[in-house]
Colleague: 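Mind having a look at this structure? Questions to follow.
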There are 2 protein chains.
Amino acid sequence: MRALEINNWQDVQSEVLNRINSRIWKPGDLIPNEADLAIEFGCARATVNRALRSVAQAGFLDRRRKAGTRVATNPVRKAILSIPIIRQEIEDKNQTYSYALISRNLREPSISLRAQMKLNANSKCLHVVALYLADGRPYVCEDRWVNTVAVPELLKVDLSAENANEWLVQNAPFTRGDFTFSARSADAEVAGRLDAKICDALFEIQRTTWNEVTAITTVTLTYHPGYRMQTRI
Amino acid sequence: MRALEINNWQDVQSEVLNRINSRIWKPGDLIPNEADLAIEFGCARATVNRALRSVAQAGFLDRRRKAGTRVATNPVRKAILSIPIIRQEIEDKNQTYSYALISRNLREPSISLRAQMKLNANSKCLHVVALYLADGRPYVCEDRWVNTVAVPELLKVDLSAENANEWLVQNAPFTRGDFTFSARSADAEVAGRLDAKICDALFEIQRTTWNEVTAITTVTLTYHPGYRMQTRI
DNA sequence: CAGTGGTCTAGACCACAAG
DNA sequence: TTGTGGTCTAGACCACTGG
């Protein structure tokens, strides 16, 4: 049996996780305070603090001033999803990326979209539909509405050459985003675009991005049949 | 114009985000090192470090020893998904939670499942199918395989009274999980369970959880038609 | 009120990796 | 080789909140 040796905050973290894991500290238990743990582990309180903050952020501990630190009873699992640029996602699979603009119009958004993006009445949006292909096969269809008040420069961009997403990433920073993941059935239109059968189940992501209080863009990505989004915690 | 006042790491963080946002520091730019920023902001380097680490974790900065800190060119957006306990998810919507066990068998898993869970040949799994209801309407169908070698105690549990997920959360800690999100069409069996029409598109989450190197359980959650998973960054 | 976590500071040493 | 971020430490004060 080897003695426990603590040299850094990662060591503290794994010791804490071990105690939770092996049920030395059970769900709901109050664990010793930072000062006591620092003495036990032979390190500074700041080091214990760093470790406990990290474990708490992962959802395994609940911390409150004065009340102390408890092992979480409902370990809410948090999965971190990386939302990559589509070009990268395709190239990471060693497939050839290509892009085709389907349509580009200036028009009024629907009422529900106007509500979601909190736009004024009469405001026009740039509506862009495009297709991303991997090795020449349809990968994902993008249906995008851009608030032209927030990003007027986009109107001058040639979207058949450069795709709207990459232009926006470079030129229109955002501070906040709402994401919705869902499943939908292919209708005739989207089935045609994605080379799917009518009634195929398609994975869909809708995302609205904001710069403080102004909506920049709402985009719906409809993936080819069989697409899977994966992550790990 | 008010003077910039920095009192804590959150202030440093928002000033940094402002500079990225307002393109004072552009994508790809090298920003000053921690020591210089500490002088500029009139605070300790540790405070700057805390702020920059936080911004980097959010994906807006790339940091490398010796190479310094750069504004990310590909701001990979990271969405944090909370995976709640189903009971909570339903109760949070002020709906009535209920649960029904559909089947419970000890049997051999399919070859693909055996591969995914890295099980030996001949190993038997507990296969549990159950339905969760919100206000009496089908909410999500759970199809679960449990590695009985890892969690033999579950065999003694009455799963018609207590659902497997909550028992496992309390009694079988895990250290790692793989998640897959996808869309599928309803076949006759699942349509019947979820009160859906055949061919409806259904949102599906598959999750395999591990304790170090041992697979605990693989569960597929198939949600009712129209289900949406939402998050925000 | 008083105990807890949250944070700041100044200084120090270390690990990494670019040149 | 050397500049950069990564981290530790000891001590201090503060903010919150439970009792």
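What you see below is based on every heavy atom in this structure, not just the backbone, and it leaves out hydrogens, waters and symmetry mates. We name chains A, B, ... by the order of the sequence lines, and we start the count at 1 in each one.
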Colleague: Can you check whether Leu37(A) reaches Glu34(A) side chain to side chain, under 4.5 Å on heavy atoms?
Modeller: no
Colleague: Tell me whether Thr47(A) contacts the main-chain N or O of Cys43(A) through its side chain, where contact means a donor paired with an acceptor under 3.5 Å.
Modeller: no
Colleague: Take the protein atom CZ of Arg45(B) and the nucleotide atom P of dC13(C), then report the distance between them rounded to whole Å.
Modeller: 13 Å
Colleague: How many whole angstroms separate atom CG of Asp11(B) from atom P of dC8(C)?
Modeller: 9 Å
Colleague: Please give, in whole Å, the distance from dC8(C) P to Phe41(B) CZ?
Modeller: 13 Å
Colleague: Do Glu162(B) and Arg87(B) sit within salt-bridge range, that is, some charged N less than 4.0 Å from a carboxylate O?
Modeller: no
Colleague: Measure from the side-chain heavy atoms of Asn33(A) and tell me the nearest of dG5(D), dC13(D), dT4(C).
Modeller: dT4(C)
Colleague: Quickly work out the Arg65(A) CZ to dG5(C) P distance and round it to whole Å.
Modeller: 11 Å
Colleague: Please figure out whether Thr69(A) or Thr47(B) has its closest DNA chain C nucleotide nearer the 5' end.
Modeller: Thr69(A)
Colleague: Rounded to the Å, how far apart are Lys66(B) NZ and dA15(C) C1'?
Modeller: 13 Å
Colleague: Heavy atoms under 4.0 Å, any strand shown: does Arg64(B) hit a base, just sugar-phosphate, or nothing?
Modeller: sugar-phosphate
Colleague: Side chain of Trp9(A) only, please: which of dG5(C), dC8(D), dA2(C) is the nearest?
Modeller: dC8(D)
Colleague: Using a heavy-atom cut-off of under 4.0 Å over every strand shown, decide if Ala46(B) touches base, sugar-phosphate, or nothing.
Modeller: base
Colleague: Show every donor-acceptor pair shorter than 3.5 Å between a side-chain atom in residues 24-31 of chain B and any protein atom, with sequence neighbours excluded, or say none if there are none.
Modeller:
| unit_1 | atom_1 | unit_2 | atom_2 | d |
| --- | --- | --- | --- | --- |
| Asp29(B) | OD2 | Lys26(B) | N | 2.9 |

Colleague: Arg53(A) has an atom CZ; how far is it from atom P of dG6(C), in whole Å?
Modeller: 8 Å
Colleague: Under the 3.5 angstrom rule, does the side chain of Thr208(A) hit a backbone N or O of Asp178(A) as a donor-acceptor pair?
Modeller: no
Colleague: For dT7(D), take OP1 and OP2 only and decide whether either is under 4.0 Å from a side-chain N or O of Gln10(A).
Modeller: yes
Colleague: dC8(D), OP1 or OP2 - any side-chain N/O from Arg50(A) closer than 4.0 Å?
Modeller: no
Colleague: Heavy atoms from C-beta onward define the side chain here; which of dA18(C), dA10(D), dC8(C) lies closest to that of Ala44(A)?
Modeller: dA10(D)
Colleague: Separation of Asn49(A) atom CG from dC14(D) atom P, in whole Å?
Modeller: 18 Å
Colleague: Starting at CD of Glu34(A) and ending at P of dA10(D), how long is that distance when rounded to a whole Å?
Modeller: 15 Å
